[in-house]
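Worksheet: the structure to be examined is printed underneath.
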Amino acid sequence: MSIAIGPYIIDNPVILAPMAGVTDRPFRQLCRQLGAGLVVSEMVTSDTRLWNSRKSRLRLDHSGEAAPISVQIAGGDPEMMAQAARENVRRGAQIIDINMGCPAKKVCKKAAGSALLRDEKLVADILQAVVQSVSVPVTLKIRTGWCADSRNGVTIAQMAENAGIAALAVHGRTRACGYHGQAEFDTIAEIVSRVSIPVFANGDIGSAERARQVLDYTGAAAVMIGRAAQGRPWIFREIAHYLATGERLSEPTLDEVRKILITHLNELHQFYGEVMGVRIARKHVGWYLKTLANSESFRKTFFQIESAEVQHASVHEWFERRITRGAQAA
Ligand SMILES: Cc1cc2nc3c(=O)[nH]c(=O)nc-3n(C[C@H](O)[C@H](O)[C@H](O)COP(=O)(O)O)c2cc1C
C-alpha cells in the first residue's frame with residue numbers, strides 16, 4: 001500500500017508525527033532508518049525574523065536527510081505563512097506541512113496551530129496562500145475540531161482538498177481535549193469517507209496491532225505515530241512489518257537497542273554540539289530507559305553527567321553489564 005504525496009511515493013504507511021523538541025534531524029533520520037515511511041520536522045515559526053536564533057537555525061537544517069524532506073510551519077497570518085513556505089523550499093523542503101494540529105501558543109499575536117480551526121475563513125486564506133506560494137506539495141495537520149461542540153474536522157478537510165492540499169493528518173482529539181482522554185477515530189473515519197486525498201490517522205497509536213485496527217476502522221491511508229516513538233524508534237519497522245505481513249516482528253535485543261541508542265547519542269552530540277547535545281540526550285535516553293526494567297537508578301546517574309564522552313561510556317557499560325548478566329542467566 002503506497003501513498004502519493006505529489007511526486008513522492010511513500011512506501012511504508014507509518015509516519016513520524018511532528019513533535020517540537022523531539023523530532024529534530026537526528027531523531028528523524030533514525031526513524032527513517034528504522035522504517036518510517038515519512039518523517040515531519042518540528043514546527044518552524046512562520047515569522048522569518050525569528051529564524052536567526054540558534055534553535056530556529058537547527059530546525060531549518062536538513063542536510064543529509066533523505067527525500068522527501070517535510071517541514072512543518074506554524075503561524076496565523078496567510079502572507080507570512082506563504083513567505084515561510086517559500087523560504088523553506090529555498091532551503092530544501094520538498095513538502096510543506098501546515099500546523100493546525102497542536103495547541104501552539106499564539107504566534108505574532110495571532111492564533112496558530114489548532115486554535116486556527118475556529119476561524120474557517122482564516123483557515124481557507126492560509127491554505128490558499130501557502131498552496132499558491134510554492135510548487136511543492138503542501139500537507140496539513142489538524143485535530144478533529146475546536147471543541148466537542150464544534151467538531152468541524154470534516155469541513156476543514158473538504159476545504160483542504162479544495163485548496164489543493166496533498167494529504168491530511170488528523171489527530172483524533174479536539175483542541176479543547178489537549179491530550180486528555182482517548183483519541184477518537186469516528187471523526188477520522190468520516191473525514192476519510194468525505195475526501196479523496198490521503199488521510200493519516202493520529203492519536204494514541206502505540207502498537208502494530210493498534211495501527212492495524214485504526215487503519216481498518218478509519219480507512220486511513222497511513223498511521224502517524226508521535227509519543228510512542230519516543231525511546232522506541234524501532235516501532236516504525238514493527239508496525240510496517242505487521243501491516244505488510246500480519247506477523248509480529250520480535251523486539252530488538254539489548255545489544256541492538258544499545259547500538260541504536262549509541263548512534264542516536266553520537267548524532268545528538270554532533271548536531272547540537274556538546275553542551276546542548278548532552279542536555280537533549282538526557283531526555284531521549286530517559287525515554288529509552290523507560291522501556292527497560294530496573295533502569296531507574298541508571299537514569300538518575302545519567303542525568304547528572306555533563307560530558308558527551310562520559311554519557312557515551314556510561315550507556316555502553318550499563319548495557320554491557322546487562323547483556324553479560326543476561327548471557328550468564330541463560
Ligand atoms: C512533545 C510534543 C510536541 C509536539 N509538537 C507538535 C508540533 O510541533 N506540531 C504538530 O503539529 N503537532 C505537535 N504535537 C502533536 C503530535 O504531532 C501528535 O499529533 C500528538 O502527540 C498525538 O499523537 P500521539 O498520540 O501518537 O503522540 C506534539 C506532541 C508532543 C507530545
Practice task
Please list all pairs passing the side chain to side chain donor-acceptor pair (under 3.5 Å) test where one or both residues lie in residues 223-240, with sequence neighbours left out.
Solution key: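 Applying side chain to side chain donor-acceptor pair (under 3.5 Å) to every pair that reaches into residues 223-240, excluding sequence neighbours, yields Asp204-Arg227, Arg232-Glu238, Arg232-Glu251, Arg237-Glu256.
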Exercise for the section: Please collect all side chain to side chain donor-acceptor pair (under 3.5 Å) contacts where either partner lies in residues 133-142, sequence neighbours excluded, each pair once. Expected result: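 Only Asp97-Thr139 qualify under side chain to side chain donor-acceptor pair (under 3.5 Å).
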Working to the nearest 0.5 Å, report the span between [atom1] of [X] and [atom2] of [Y].
X: Ile69; Y: Arg32; atom1: CD1; atom2: CZ; result: 9.5 Å
X: Phe185; Y: Leu215; atom1: CZ; atom2: CG; result: 10.0 Å
X: Arg175; Y: Leu116; atom1: CZ; atom2: CG; result: 9.0 Å
X: Ile126; Y: Lys121; atom1: CD1; atom2: NZ; result: 10.5 Å
X: His316; Y: Gln311; atom1: NE2; atom2: CD; result: 15.5 Å
X: Leu249; Y: Ile235; atom1: CG; atom2: CD1; result: 12.0 Å

Exercise for the section: Verify side chain to side chain contact (heavy atoms under 4.5 Å, CB included) between Leu168 and Glu161, making sure each step is shown before the conclusion. Expected result: CA-CA 9 Å; Leu168 176 73; Glu161 179 166 36; over 6 Å; no
Exercise for the section: Mark yes when over 12 heavy atoms from residues, nucleotides or ligands other than Asp216 sit less than 6.0 Å from its CG; otherwise mark no. Expected result: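 Atom CG in Asp216 is packed in, count exceeds 12.
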Problem - Heavy-atom neighbours of Lys283 NZ exceed 12 at 6.0 Å - result: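 Above 12, so yes.
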Closer than 3.5 angstrom, by distance alone: can the side chain of [X] be matched with the main-chain N or O of [Y] as a donor-acceptor pair?
X: Glu65; Y: Gly92; result: no
X: Arg59; Y: Val71; result: no
X: Trp51; Y: Thr45; result: yes
X: Asp47; Y: Arg49; result: yes
X: Thr263; Y: Lys259; result: yes
X: Thr301; Y: Ser297; result: yes
X: Asn202; Y: Met224; result: yes

Practice task
Would you sort out whether Val199 and Thr218 count as a side chain to side chain contact (heavy atoms under 4.5 Å, CB included), showing the intermediate values?
Solution key: CA-CA 9 Å; Val199 174; Thr218 59; over 6 Å; no
Practice task
Decide yes or no on side chain to side chain contact (heavy atoms under 4.5 Å, CB included) for Leu140 and Leu127, but give the supporting numbers first.
Solution key: CA-CA 9 Å; Leu140 173 67; Leu127 298 181; 4.0 Å; yes
Practice task
Carefully, step by step, assess Ile262 and His312 under the rule side chain to side chain contact (heavy atoms under 4.5 Å, CB included).
Solution key: CA-CA 7 Å; Ile262 295 248; His312 191 283; 3.4 Å; yes
Handout entry: Electrostatic pair Glu184-Arg151, nearest N-O below 4.0 angstrom
Key =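 Result for this pair is yes, salt bridge flagged.
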Handout entry: Salt bridge present between Glu209 and Arg212 (N-O < 4.0 angstrom)
Key =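 Salt bridge between Glu209 and Arg212, a charged N being under 4.0 Å from a carboxylate O: no.
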Side chain to side chain donor-acceptor pair (under 3.5 Å) involving [X] - partner list, sequence neighbours excluded:
X: Tyr242; answer: none
X: Gln83; answer: Arg86
X: Arg210; answer: Gln213
X: Arg258; answer: Asp255, Glu320

Are [X] and [Y] packed together at the side-chain level, in the sense that at least one heavy-atom pair is separated by less than 4.5 angstrom?
X: Leu16; Y: Val40; answer: no
X: Leu30; Y: Gln33; answer: yes
X: Leu58; Y: Met276; answer: yes
X: Tyr272; Y: Asp24; answer: yes
X: Ile96; Y: Val136; answer: yes
X: Asn12; Y: Phe236; answer: no
X: Pro18; Y: Asn99; answer: no
X: Pro13; Y: Leu243; answer: yes

Which heavy atom of [X] sits nearest a heavy atom of [Y], and at what distance?
X: Gly76; Y: Pro78; result: O-CD, 3.8 Å
X: Ala4; Y: Ile9; result: CB-CD1, 3.9 Å
X: Pro137; Y: Gln94; result: CD-O, 3.4 Å
X: Arg143; Y: Arg173; result: CB-O, 2.8 Å
X: Gly37; Y: Ile10; result: O-CG2, 3.4 Å
X: Leu292; Y: Ser295; result: O-OG, 2.9 Å

Practice task
Look at the side-chain heavy atoms of Ile, Leu, Val, Met, Phe, Trp and Tyr, link any pair under 4.5 Å apart, and say whether Val278 and Leu268 land in one connected group.
Solution key: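 Result: no, two separate clusters.
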Exercise for the section: State yes or no: do Val131 and Val44 share one hydrophobic cluster built from I, L, V, M, F, W and Y residues joined by side-chain heavy-atom distances below 4.5 Å, directly or via other members? Expected result: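 No, Val131 does not connect to Val44 through the hydrophobic network.
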Practice task
Identify the residue among Val39, Leu38, Thr23 that makes a side chain to side chain contact (heavy atoms under 4.5 Å, CB included) with Cys31.
Solution key: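 Passing option: Val39.
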Exercise for the section: Scan Ile15, Val223, Ile225 and name whichever one has a side chain to side chain contact (heavy atoms under 4.5 Å, CB included) with Phe200. Expected result: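 Exactly one pass, corresponding to Ile15.
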Practice task
Return the set of residues passing salt bridge (charged side-chain N to carboxylate O under 4.0 Å, His left out) with Asp61 (not counting sequence neighbours), or none when no residue passes.
Solution key: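 Here the qualifying residues are Arg25.
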Exercise for the section: Please list, chain by chain and in numerical order, all residues satisfying salt bridge (charged side-chain N to carboxylate O under 4.0 Å, His left out) with Glu274, sequence neighbours excluded. Expected result: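 Here no residue qualifies.
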Practice task
Please identify each residue that fulfils ring pair (Phe, Tyr, Trp, His ring centres under 6.0 Å) with Phe298, with sequence neighbours left out.
Solution key: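 Phe298 satisfies ring pair (Phe, Tyr, Trp, His ring centres under 6.0 Å) with Phe302, Trp318 once adjacent residues are dropped.
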Problem - Partners meeting ring pair (Phe, Tyr, Trp, His ring centres under 6.0 Å) with His264 (sequence neighbours left out) - result: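 Scan of His264 (ring pair (Phe, Tyr, Trp, His ring centres under 6.0 Å), adjacent residues dropped) gives Phe27, His284, Tyr288.
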Residues 152-159 side chain polar contacts: donor-acceptor under 3.5 Å, at least two apart:
from   : atom 1 : to     : atom 2 : distance (Å)
Asn152 : ND2    : Leu117 : O      : 2.9
Asn152 : ND2    : Glu120 : OE2    : 2.9

Practice task
Not counting sequence neighbours, list each pair that qualifies as a ring pair (Phe, Tyr, Trp, His ring centres under 6.0 Å) and has a residue in residues 211-231.
Solution key: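 Sorted pair list comes back empty.
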